Protein chains: 8
Amino acid sequence: MDFANLDFERKKRTGFPEVVFCQGKNDSFLVDIYKKLYERDGSVFGTRATEHQYELVKAELPNAQYDNVSRILKVPGKDDSVELVGNIAVVTAGTADIPVAEEASLTAEYFGSKVTRVYDVGVSGIHRVLENRNKIENANCVVAVAGMEGALASVLGGIVSKPIIAVPTSVGYGANLGGISALLTMINSCANGISVVNIDNGYGAGYIATQINRLAVGSSIEK
Amino acid sequence: MDFANLDFERKKRTGFPEVVFCQGKNDSFLVDIYKKLYERDGSVFGTRATEHQYELVKAELPNAQYDNVSRILKVPGKDDSVELVGNIAVVTAGTADIPVAEEASLTAEYFGSKVTRVYDVGVSGIHRVLENRNKIENANCVVAVAGMEGALASVLGGIVSKPIIAVPTSVGYGANLGGISALLTMINSCANGISVVNIDNGYGAGYIATQINRLAVGSSIEK
Amino acid sequence: MDFANLDFERKKRTGFPEVVFCQGKNDSFLVDIYKKLYERDGSVFGTRATEHQYELVKAELPNAQYDNVSRILKVPGKDDSVELVGNIAVVTAGTADIPVAEEASLTAEYFGSKVTRVYDVGVSGIHRVLENRNKIENANCVVAVAGMEGALASVLGGIVSKPIIAVPTSVGYGANLGGISALLTMINSCANGISVVNIDNGYGAGYIATQINRLAVGSSIEK
Amino acid sequence: MDFANLDFERKKRTGFPEVVFCQGKNDSFLVDIYKKLYERDGSVFGTRATEHQYELVKAELPNAQYDNVSRILKVPGKDDSVELVGNIAVVTAGTADIPVAEEASLTAEYFGSKVTRVYDVGVSGIHRVLENRNKIENANCVVAVAGMEGALASVLGGIVSKPIIAVPTSVGYGANLGGISALLTMINSCANGISVVNIDNGYGAGYIATQINRLAVGSSIEK
Amino acid sequence: MDFANLDFERKKRTGFPEVVFCQGKNDSFLVDIYKKLYERDGSVFGTRATEHQYELVKAELPNAQYDNVSRILKVPGKDDSVELVGNIAVVTAGTADIPVAEEASLTAEYFGSKVTRVYDVGVSGIHRVLENRNKIENANCVVAVAGMEGALASVLGGIVSKPIIAVPTSVGYGANLGGISALLTMINSCANGISVVNIDNGYGAGYIATQINRLAVGSSIEK
Amino acid sequence: MDFANLDFERKKRTGFPEVVFCQGKNDSFLVDIYKKLYERDGSVFGTRATEHQYELVKAELPNAQYDNVSRILKVPGKDDSVELVGNIAVVTAGTADIPVAEEASLTAEYFGSKVTRVYDVGVSGIHRVLENRNKIENANCVVAVAGMEGALASVLGGIVSKPIIAVPTSVGYGANLGGISALLTMINSCANGISVVNIDNGYGAGYIATQINRLAVGSSIEK
Amino acid sequence: MDFANLDFERKKRTGFPEVVFCQGKNDSFLVDIYKKLYERDGSVFGTRATEHQYELVKAELPNAQYDNVSRILKVPGKDDSVELVGNIAVVTAGTADIPVAEEASLTAEYFGSKVTRVYDVGVSGIHRVLENRNKIENANCVVAVAGMEGALASVLGGIVSKPIIAVPTSVGYGANLGGISALLTMINSCANGISVVNIDNGYGAGYIATQINRLAVGSSIEK
Amino acid sequence: MDFANLDFERKKRTGFPEVVFCQGKNDSFLVDIYKKLYERDGSVFGTRATEHQYELVKAELPNAQYDNVSRILKVPGKDDSVELVGNIAVVTAGTADIPVAEEASLTAEYFGSKVTRVYDVGVSGIHRVLENRNKIENANCVVAVAGMEGALASVLGGIVSKPIIAVPTSVGYGANLGGISALLTMINSCANGISVVNIDNGYGAGYIATQINRLAVGSSIEK
């Protein structure tokens, strides 16, 4: 832990605790971070973890939990039973986008937001998203997760009035360019109210959606 | 006319007469081509012409006609009253896409196809395209013209059963990359039945739509 | 199967049954989908399957069949003996393009189209495609499959009068950019009548070719 | 006005009136739209207008107003004196980013939001943004406008807790790739809470910031 | 002339005299270079000149000649009647490629090579290039000039046995990416014997073709 | 062997026998091709082979030979002792470029050309290439093989008078973009006499170099 | 001047006075900045100015000076006669690169560095740079300015031991991609000691070269 | 060792010994180079080595040492106890950038420079870099190592006066484009004094930093 500059003031500064990006972290280094944060905060939340990383952390912190869809590796606190507030709609185009969507949903829930999941309602069967219009509109903000051509965000922008956080995914092949194509679609959307995060960045979308949700429910970060 | 190898057999080979791509053609060269083709075929059809090119051709061939939306420069034959057959739907996302759509529509009409225009029904107001669903489905094939993020093609792919020729346009700014972004959207569409032509290539789409329309109405090219 | 929104109306809406894109699907999830669709439709057709996925599906649905060239994993219905109609020419530049071509051919056959295969007739030996000109021209539409520089589509566009669905493949190396180079060649073709689908998208080309073939043989989707 | 499908339900559906994107619009077409919307709504707001377009509209609607920094062309209503609510911070890296920032600021004000401007506080003199930290933190959300390398968004993400709408601008030269470089910086930010809109899209940022600001002040769109 | 380091040894070193690239040269600087080289060598040859540059040079060197197709600005020597040797075929896909082809042809002739021009024989009418097969095969090497998708080079590679210098041109629009698309086609060609120069680089192709032609006719550079 | 259209006329048409591109070929298919060609021609030459492919071919054709630097898999004829003619210089920037260079050298030798190897003389130690200047100049043409920034081709262009075939390699990392960077360097060279083939395409360079070498030594392909 | 946040502490913080980037600045805004800085500092230095901007500034500050090669617009102080120290070599590949080189040279001189200019010594005539080897080696650092393929930096890296600041220029055409190609060459250089600034960024190179030169001559910024 | 042209004069010419780039080197070839250089120089330093390569070299040269963070494989000399001089600050944005930073730090130390490490002080917690301002300013030059959006370099450019060598890393995902995004950020920086090396090129940065550090401490390479 010589090198890592843990950011002890982050929660105070931003209202959000520090979260671990597990991907590519050295084994012993990862375990150290989990232990350090668990000692300090009483709980740890990490994204993009592998089964192997789960085994390593569990050996040290036996109540570690792993969700193999979202790849979230969590060590829950003694009392994590916070009441979830507000409402965020997380919507996906296809089933292949669900891992990224679950990263967003679980992140938002970890940060205290209530989440409404509306999955596999992509534009190739447009009736599916139209049928869920009210459900989505009722949320304070919308996370739109889509790969391939990413048209879902634009369609949502045309039917709901709430801010939309668009998450391009790397789902697809050929000219999808690993998600760049969906990203460009979302950035160029003719619909209003759409802003975009990095490819597959479910965590980032869950974070921003929570920021907006908190503003909507009036919960200040000091609470 | 030393250099140009006019393709006298094209109509016989493909069922379509030769068409002039006016853009960038040298003034005197353009006028020569129009005269030569008018002598040979009795009519001429050209795309991407400027007002200036219209003036030049009109000075030599006084019945030349220019449409300043589609930029088509035409010298009609003595009797151009062919009956239009079949049905092609030409659909645009916005009003800015209309010049490209009109290039497609007028091309298809010049080649003998009946055209149904459905303009300005982009996904930011999805009800507009849904209201026109039957009108579009009734056609033998669909030309979908859209710039910015180009999501229109995917939405159409989800609601109609006919082949869709998608035309990305250069309409937009910033990360639209001059139309590349819309092209990528259309190529990566999660909906079936969509194939794509070059950016702003209304002519190409009108040509292919006519090929398909002819197959549907049973008019072989030998007729 | 909580998440997947199977599209039960698709066949009615588009005239085509639902098809499974196997690539990247979770093992248990894939088997579930195959079983569900088999119960509902009496047959299942999936693309981009692996040997391993075949084993999994076969364990549950013993009459599953796998074609290791096209990678199609099919569970045929009790009576699949539909009469194939019309004619689609599927043409490849090289032998390495055959897997994509077979995906197109088998898809078109599954959807009821007769297919004429003309493989390995690329432009480096131009006589090979010229010798097959009539055979290709006799089809209602043409699927042109080519990697590397993808020039085959342009050459076909110059010698046949039927609509051409061009499929760029990822065959090649270096500056082929995983197929983007062939895609650009086909999108920019100087020949008429060419529209393009995604890299390696044999399925999409077989689908569109069938749409066109059906229009040509007069079989409406209601039949 | 034959072609344009004005979206009369937009305000009811989204809580925002229709806005005109003037760039590239045909002269007579633009004037028609301004007149039509003025008749219907009693006021018109347009972005990316030129001096020339201002002259044309003013000739028909004499109380038209033009702001030559933001390029906004507005025909105010008889009583536009709505009270501005909430608080949005609009921050720029340099002076060259101000036109885009003013597009965002004036848009937000038109939609009823109070705006705090913090301009020319780019990271090459980091003390400037640090000195304005509290002023920015006090807003409900932040619009971060920056060209060149666009690092401002990341720095803001590290010091404030509110959602940040990042607007890359085309300011710069060489490898800025017309703004793509700043867009990539913002999309890849290591800081949390940042989502991104298209290059130079001040209008889009002002729109989203208003959506968030409204949620924060509790004004529902039904009011 | 303080800054320019004229390369007085170039002819001795490479067998080719120095040539002026006129594009973007400052007016007075250009005239100085033409005068200096004319004094030294007795003749000057420049590429990419404008009409305006021609006027400037002609005012000082009255026997200057300008070709407005190739944009070559030449001041011929007193006795330029060298006998042209060997044979280079310069072939173009379309008429719009002729300016680049003429730059190649006139360059090759200036350097002493005989040139056979075969223009406007692109692949959309494949019979045109096939009819000229023997004419092209008879040359020592081939310069293939093509824009749009640039398929001409591959077709030539399949029918002739001589080395082909492929010149992509910027002719085209949309996804031609200013000639990058044609360049990629040529670089990825499935045919053998093709090497590629920069977009629109007719001069470079004429130079290399002359190097090869000289080797074939046995004229060493010392002669 | 149903699908493969072996090109029996190639040697007659181009003066070069057919060569096998082994990479990605199906095992049994590859062995079939080797056997078929061996029967027909008495020898086979293939590029980009793996050790595994060598084992497979050797099992059927015991005199198969494999070179693990160039990855060439060859079945020599009974009497391959042709006299090598002319002279081709094959030059590399670094040692990592040698596999591509050897593919070029062995190809050229297989086609009957004498080769002078000048390896590891890159520009970071410019004296190394200068010391070999005469050796390189003495060849009829030069193959310049370089990865990373690919500057070697330009330096050679400045010091020798012979045509240079530049081969960019994928050697390097980061912004080398898999060889695209070296390719761009070579295409944009300020030196004359340089034309470029695909990344890592040693075979193509050896082929073209032989075409030029044959022209220089006066051996026509009819002989 | 409401918006501009002039950076009054910059000189103290960095040892360099504030410099004006004139390109794209609004007329009245530019004149205001020049006046403000002249009042504060007694002299002003600006880059990328136009003749028109010079006229405007001269009208207010009559001793303004404009250099139309480097496009530097300077208002010298009463006593600018600082003694230039150390030694920086500024080297260009061609004459077209001189404007960028002069921006670097004049910037370095303005900041107090002595400059040795070595212009037009590109690699197509490698002897030119070799002849200047000692002159370049004698400097404390080297600014290498080159467009097209940008190979100059690598060659310099191989022959001198001093740090090289490489400046890619937008000189060239076609696949030079506006300078991106030269930038990639320089970033991927196989030679050591090379770091790179933005395309055409002569100012930036002159600045860094001065930082290094000051370190070498031991002048701390406090002096 | 036939092919490798070891550069025996490099140290004399540049003041730096030859260093081995291990990545991708053939096993036996690598061991040969290590042995040859050890014999000649008494010590060897190599970058980007694997554990496996370490085992191979250690078997022949038992005092070989491997650092698995930086991946440096070193065979120290008998007396490597040179006194480190001057001061270079090596700064990273995150912990994932440390391997590249250590490559830079160990390289600089190997070449005789004293290094101050300041790791994990990225802009998402801007206070961390501000707290280390004096420590960084005290160095003669700064190496700034950052992936993702790479904003660290710009922030450093705004707070220190010393030359900054920016090293983009491939750390990140999605639109980071393998480090291209960070590279573009650094190249386009609005701050002065920043020049850039290739993605992950810690070695190159350590080399240049040493060149500058030597100039600052007055140690000429002749010493």
Side-chain angles (χ1 to χ4, degrees), chain F residues 92-97 120-133 136 144-161 164 166 168-196, chain G residues 92-97 120-133 136 144-161 164 166 168-196:
Chain F
T92 79
T95 56
D97 303 313
D120 195 20
V121 296
V123 301
S124 68
I126 196 81
H127 60 286
R128 299 179 299 184
V129 69
L130 295 176
E131 287 163 11
N132 285 285
R133 187 175 182 159
I136 300 167
V145 184
M148 301 186 82
E149 95 283 43
L152 176 68
S154 292
V155 170
L156 285 170
I159 60 176
V160 302
S161 72
I164 295 167
T169 73
S170 52
V171 170
Y173 61 91
N176 80 328
L177 307 176
I180 292 291
S181 179
L183 190 157
L184 287 172
T185 305
M186 290 163 168
I187 280 283
N188 285 292
S189 180
C190 62
N192 291 315
I194 297 170
S195 58
V196 186
Chain G
T92 81
T95 56
D97 302 313
D120 195 18
V121 296
V123 299
S124 68
I126 195 83
H127 60 287
R128 296 179 300 185
V129 70
L130 296 175
E131 287 163 12
N132 286 283
R133 187 174 181 159
I136 299 167
V145 184
M148 302 186 81
E149 95 284 43
L152 176 66
S154 292
V155 171
L156 285 170
I159 61 177
V160 302
S161 71
I164 295 169
T169 73
S170 52
V171 169
Y173 62 92
N176 80 327
L177 305 178
I180 292 292
S181 179
L183 189 157
L184 288 171
T185 305
M186 290 163 168
I187 281 283
N188 286 291
S189 182
C190 61
N192 291 314
I194 297 172
S195 59
V196 187

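Hydrogens, waters and symmetry mates play no part in the numbers below; they use all other heavy atoms, side chains included. Remember, it's a predicted structure, so these values are computed and weren't measured experimentally. Per chain, numbering begins at 1; letters A, B, ... match sequence-line order.
- Remark: F/S154 pairs with F/S189, G/V123, G/E149, G/A151 by the side chain to side chain contact (heavy atoms under 4.5 Å, CB included) rule, at least two apart or across chains.
- Only the side chain of F/L177 has a heavy atom closer than 4.5 Å to any heavy atom of chain G.
- Each of G/L183, G/I187, G/N176 has some count of heavy-atom pairs under 4.5 Å with chain F, and the biggest count is that of G/N176.
- Rounding to the nearest 0.5 Å gives a distance of 4.5 Å between CD1 of G/I126 and CD1 of F/I126.
- Contacts between G/I180 and chain F at a heavy-atom distance below 4.5 Å are absent for every atom of the residue.
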Begin with the C-alpha distance, continue with both residues' side-chain angles, and end with the deciding distance and a verdict on side-chain contact (heavy atoms from CB on, under 4.5 Å) for F/N188 and G/T185. CA-CA 10 Å; F/N188 285 292; G/T185 305; over 6 Å; no

